[in-house]
There are 2 protein chains.
Amino acid sequence: MNKVDPAQHVTPANGGEPRLSRASVARFSLYLRHLQRFLREGVQTVSSGQLGEALAITDAQVRKDLACLGNLGHPGVGYPASELIAALRHRLGIDREWTAVVVGVGNLARALLRYRGFEQQGFRFVALFDADASKVGQTLDDLKIHPTDRMAEIIRKTGAELGVVAVPVEAAQSVADALVAAGIRGILNFAPTALRLPAGVSLVAVDLAVQLEQLAFLVHLTHGPEKLETH
Amino acid sequence: MNKVDPAQHVTPANGGEPRLSRASVARFSLYLRHLQRFLREGVQTVSSGQLGEALAITDAQVRKDLACLGNLGHPGVGYPASELIAALRHRLGIDREWTAVVVGVGNLARALLRYRGFEQQGFRFVALFDADASKVGQTLDDLKIHPTDRMAEIIRKTGAELGVVAVPVEAAQSVADALVAAGIRGILNFAPTALRLPAGVSLVAVDLAVQLEQLAFLVHLTHGPEKLETH
DNA sequence: GGATGTGAACGACTTCACAGCG
DNA sequence: CGCTGTGAAGTCGTTCACATCC
């Protein structure tokens with residue numbers, strides 16, 4: 001009844017490279033994070049066992065994931081960290097700069113802008129928008145806050161590709177629609193609602209309340225409510 | 001080599017209820033969210049098709065997920081929304097109040113405190129901590145900011161069960177250790193690092209940079225870099 | 001008719017086990 | 001020897017199809 005994309009295997013638009021599972025991709029960013037840390041610590045060769053330990057998964061899993069990047073590993077030695085980083089970044093599509101805008105300049109937006117590690121990974125924020133007239137015209141981290149009705153114009157001018165939705169729930173869908181109309185290609189949604197987007201516009205949603213609920217559930221399980229483990 | 005909890009099926013501490021897959025639990029919060037919305041809109045009976053459409057999954061999937069809550073559905077009719085909500089909340093362990101503390105009073109903490117929907121779902125923040133002496137003693141949303149060295153004392157006194165880590169990367173692990181030592185049972189980590197926690201303390205991690213990378217990858221795939229689909 | 005609950009089929013992900021190489 | 005790459009096996013999750021009930 002409900003039609004859903006049945007393709008679980010992600011096939012890159014350019015035909016060449018081997019298959020790639022969604023689950024692997026979800027871990028690529030984590031590999032990247034740990035590899036960069038290893039490199040900072042002076043470790044230049046990393047084994048699947050080390051990476052697995054860092055992510056709390058098995059070494060076999062790591063090798064399977066990394067296999068689709070080409071034969072980067074050296075038997076008996078491990079993987080050269082910097083090459084692996086380059087390959088991962090290339091495969092994730094972040095071996096270039098991505099530009100993004102943020103709609104809704106509240107505390108969350110401020111947190112995002114201050115967050116180290118975005119520009120470090122090649123992301124750059126190029127514009128801010130807010131519906132609140134009193135915020136418009138102000139500057140935050142060298143970025144001017146624009147009125148929402150100038151979204152189309154400014155997004156086109158800056159060529160921004162990604163949009164972050166950090167507005168209250170009620171406004172989220174209309175903001176998303178505006179972003180799509182302005183030509184944005186992907187949306188990161190923090191509003192606790194399921195956005196409806198046309199095909200061709202990607203979506204990643206982060207619902208903070210959901211995360212807390214998952215945590216509560218895990219705790220609920222381990223120290224059960226009836227059966228309290230006092231040990 | 002790397003040992004990982006192999007139990008993919010979650011078995012509640014109290015033996016009685018049927019099996020429960022992790023994947024289902026991940027969707028329970030979302031069902032809850034949509035059911036509450038349905039109820040607000042006056043819809044009191046919801047079918048698996050409606051729920052599936054809301055979450056963009058199949059109706060069969062919805063029924064499978066909901067099956068482990070007992071036979072709540074009425075053939076030919078659907079599920080009574082309020083009963084389903086109660087059952088989900090019970091199963092998730094959020095049919096009671098959970099108390100939490102936040103460590104690191106930056107913009108993210110402010111965003112969390114202002115976020116509607118936490119207390120609405122039964123979560124209550126009872127204390128804030130910060131290492132910055134200039135912040136200590138200040139008040140945020142009626143909550144006093146305490147120095148980090150009083151964590152053990154205050155967490156015991158308030159009986160807080162969950163801890164939110166919203167500090168810079170460098171401080172994350174030591175804050176987590178302190179939370180664990182103070183008797184916290186679950187940690188929601190926003191710092192971009194993999195926390196090491198003892199067994200018995202649950203962990204949910206939200207890495208914002210990882211989310212943006214996932215989004216970039218999705219966009220990278222759909223409008224490939226070489227092969228641009230202008231349609 | 002319309003919708004649930006569920007075994008069975010299917011597909012995806014993970015782990016195992018081992019050949020092969022440096 | 002240590003570690004990679006990979007088929008094979010095993011596990012988990014989703015979809016299908018249909019008996020069943022209101």
Side-chain angles (χ1 to χ4, degrees), chain A residues 1-11 17-28 30-31 35 38 43-81 83-84 87-88, chain B residues 1-11 17-28 30-31 35 38 43-81 83-84 87-88:
Chain A
M1 177 158 267
N2 302 305
K3 260 300 74 123
V4 169
D5 178 19
Q8 284 291 18
H9 271 291
V10 172
T11 334
E17 285 139 344
R19 287 271 161 67
L20 190 54
S21 86
R22 285 213 194 287
S24 297
V25 173
R27 282 184 295 263
F28 278 3
L30 298 174
Y31 289 133
L35 283 165
F38 276 125
V43 182
Q44 292 186 355
T45 303
V46 183
S47 72
S48 57
Q50 289 174 289
L51 276 173
E53 196 185 345
L55 300 219
I57 58 179
T58 65
D59 49 346
Q61 183 72 73
V62 174
R63 289 196 296 277
K64 269 268 155 71
D65 285 345
L66 266 35
C68 74
L69 299 172
N71 290 17
L72 289 178
H74 298 285
V77 182
Y79 300 84
E83 281 183 37
L84 199 47
L88 283 167
Chain B
M1 179 156 272
N2 302 305
K3 233 37 263 230
V4 170
D5 177 20
Q8 283 290 17
H9 271 289
V10 173
T11 333
E17 285 140 344
R19 288 272 160 66
L20 190 54
S21 84
R22 286 213 194 288
S24 298
V25 174
R27 283 185 293 265
F28 278 0
L30 298 173
Y31 290 134
L35 283 165
F38 276 125
V43 183
Q44 293 185 354
T45 304
V46 183
S47 72
S48 57
Q50 290 173 289
L51 276 173
E53 196 184 345
L55 300 219
I57 57 179
T58 65
D59 49 346
Q61 182 74 72
V62 174
R63 289 196 296 278
K64 269 266 155 71
D65 285 345
L66 267 34
C68 74
L69 299 173
N71 291 17
L72 289 177
H74 298 285
V77 182
Y79 301 83
E83 282 183 38
L84 198 47
L88 283 168

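So you know, we letter chains A, B, ... as the sequences are listed, proteins then strands, and number each from 1. Keep in mind that this is a model prediction, so the values were computed, not measured.
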For [N], take OP1 and OP2 only and decide whether either is under 4.0 Å from a side-chain N or O of [X].
X       : N      : result
A/Ser48 : D/dT4  : yes
B/Thr58 : D/dT15 : yes
B/Tyr79 : C/dG5  : yes

Distance, rounded to the nearest Å, where [X] contributes [atom1] and [N] contributes [atom2]:
X       : N      : atom1 : atom2 : result
A/Gln61 : C/dC13 : CD    : C1'   : 7 Å
B/Asp65 : D/dG13 : CG    : P     : 10 Å
B/Leu66 : D/dG13 : CG    : P     : 16 Å
B/Leu84 : C/dA3  : CG    : P     : 16 Å
A/Asn71 : C/dC21 : CG    : P     : 12 Å
A/Leu72 : D/dC3  : CG    : P     : 18 Å
A/Arg22 : C/dA12 : CZ    : P     : 11 Å
A/Leu55 : C/dT14 : CG    : P     : 12 Å

Report the nucleotide, chosen from [options], that has the shortest atom-to-atom distance to any side-chain atom of [X].
X       : options               : value
B/Lys64 : D/dT4, C/dA8, C/dT4   : C/dA8
A/Ala67 : D/dT6, C/dT15, D/dG13 : D/dT6
A/Pro75 : D/dT14, D/dC21, D/dC3 : D/dC3

Could you pick out which residue, A/Arg63 or B/Ala60, lies toward the 5' side of DNA chain C when each is mapped onto its nearest nucleotide?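 Of the two residues, B/Ala60 wins.
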
Let me know, please, whether A/His74 or A/Ala23 comes out on the 5' side of the other along DNA chain C by nearest nucleotide.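 Closest to the 5' end, via its nearest nucleotide, is A/Ala23.
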
Measure the spacing between [atom1] of [X] and [atom2] of [Y] and express it to the nearest 0.5 Å.
X       : Y       : atom1 : atom2 : result
A/Leu66 : A/Leu84 : CG    : CG    : 4.5 Å
A/Gln50 : A/Asp59 : CD    : CG    : 11.5 Å
B/Arg27 : B/Ser21 : CZ    : OG    : 6.5 Å
A/Phe38 : A/Tyr79 : CZ    : OH    : 13.5 Å

side-chain contact (heavy atoms from CB on, under 4.5 Å) between A/Leu51 and A/Ile57: does it pass, once the steps are laid out? CA-CA 8 Å; A/Leu51 276 173; A/Ile57 58 179; over 6 Å; no

